[in-house]
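Notes follow once the structure below has been shown.
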Amino acid sequence: MELADVAAAATYRLRSEVLGWTVPATRIDGGGARHLALVDGDEVVAAVSHVRWPCPDEPEVAARYFWAMAVGAAYQRRGCGRRLLAAVADLARTCGEQVMWADARESAVDFYVRCGARVAGEPYVDDGTGLTVRHVVFMLGRPGLDDVLVGG
């Protein structure tokens, strides 16, 4: 599988299947937002969007926000999510960012914690999705984080 930057529209089918989107949703599209995907042949099988955006739980630190991570059913539990997180973390570090964070749906929080995130704040209902979410925060300078992201 190839890791590639793609247009947001290339991720809509996958996100509809995995996240239940009925219409294309963009959190922050434009102004530097990027969409990273794992591509198998011509098919986007995993995707995440990301942009430099302040973290409300670490407001003094340069941060990268990521959202709408989706991995196709046939590719789950094969390291695709960790591979996307590691790629976003690498980019964040290259851009001088020390934090990576997301609004994670409750069903995904444990995955992010296993990947090295901490949960911040109380659960709340996301206005855009209607889902109950929590902030998950990765401190990118934490020793051993790269091993967790790529190794499991």
Side-chain angles (χ1 to χ4, degrees), residues 3 5-6 8 11-12 14-38 44-152:
L3 189 62
D5 280 307
V6 298
T11 70
Y12 292 161
L14 173 70
R15 287 172 166 166
S16 175
E17 291 172 6
V18 175
L19 303 176
W21 287 6
T22 56
V23 295
T26 54
R27 193 47 107 202
I28 305 162
D29 205 4
R34 293 175 58 184
H35 314 282
L36 188 62
L38 287 172
V44 171
V45 299
V48 66
S49 297
H50 58 97
V51 69
R52 184 179 185 113
W53 198 262
C55 176
D57 304 294
E58 297 288 340
E60 303 299 319
V61 180
R64 180 144 305 257
Y65 177 66
F66 66 96
W67 72 96
M69 177 137 67
V71 178
Y75 292 85
Q76 291 177 7
R77 292 175 177 53
R78 293 175 48 187
C80 295
R82 287 178 189 268
R83 187 170 170 196
L84 289 173
L85 285 176
V88 173
D90 287 346
L91 178 69
R93 286 187 196 98
T94 299
C95 293
E97 298 153 357
Q98 298 132 342
V99 167
M100 186 170 83
W101 71 284
D103 298 299
R105 60 193 183 279
E106 284 288 332
S107 63
V109 168
D110 287 343
F111 165 75
Y112 292 120
V113 169
R114 287 191 310 272
C115 290
R118 70 175 166 84
V119 179
E122 296 299 317
Y124 62 96
V125 176
D126 183 277
D127 293 335
T129 65
L131 297 173
T132 300
V133 296
R134 303 284 303 265
H135 286 173
V136 291
V137 179
F138 293 86
M139 301 304 294
L140 298 178
R142 186 173 70 81
L145 181 62
D146 288 337
D147 294 334
V148 173
L149 285 176
V150 296

Taking Trp53 for its side chain and Trp101 for its backbone only, find out whether a donor-acceptor pair lies under 3.5 Å.
no

Taking every non-hydrogen atom, the tightest pair across [X] and [Y]:
X      : Y      : result
Phe66  : Met100 : CD2-CG, 3.6 Å
Ala47  : Thr11  : CB-CG2, 3.7 Å
Thr132 : Pro123 : CG2-CB, 3.8 Å
Gly96  : Ala62  : O-CB, 3.8 Å
Ala33  : Val51  : N-CG2, 3.6 Å

Picking from Pro59, Pro54, Cys55, what satisfies side chain to side chain contact (heavy atoms under 4.5 Å, CB included) with Val99?
Cys55

What distance separates [X] [atom1] from [Y] [atom2], expressed to the nearest 0.5 Å?
X      : Y      : atom1 : atom2 : result
Met69  : Leu85  : CE    : CG    : 3.5 Å
Leu38  : Arg83  : CG    : CZ    : 5.0 Å
Arg134 : Tyr124 : CZ    : OH    : 10.0 Å
Phe138 : Glu58  : CZ    : CD    : 13.5 Å

Enumerate the residue pairs fulfilling side-chain hydrogen bond (donor to acceptor under 3.5 Å, both in side chains) with a member in residues 88-98, sequence neighbours excluded, ordered by first and then second residue.
Arg52-Glu97, Arg64-Glu97, Asp90-Arg93, Arg93-Asp146

Apply side-chain contact (heavy atoms from CB on, under 4.5 Å) to Ala120 and list each qualifying residue two or more places apart in sequence or on a separate chain.
Asp57, Arg118, His135, Val137

Results of side-chain contact (heavy atoms from CB on, under 4.5 Å) for Ala70 - residues two or more places apart only:
Leu14, Arg15, Val18, Leu19

Can you label the angle between the His35 ring and the Trp67 ring as parallel, tilted or perpendicular, going by 30° and 60°?
perpendicular

Using the side-chain contact (heavy atoms from CB on, under 4.5 Å) rule, take Asp5 and Leu36 through it: C-alpha gap first, then chi angles, then the decisive distance, then the call.
CA-CA 5 Å; Asp5 280 307; Leu36 188 62; 4.1 Å; yes

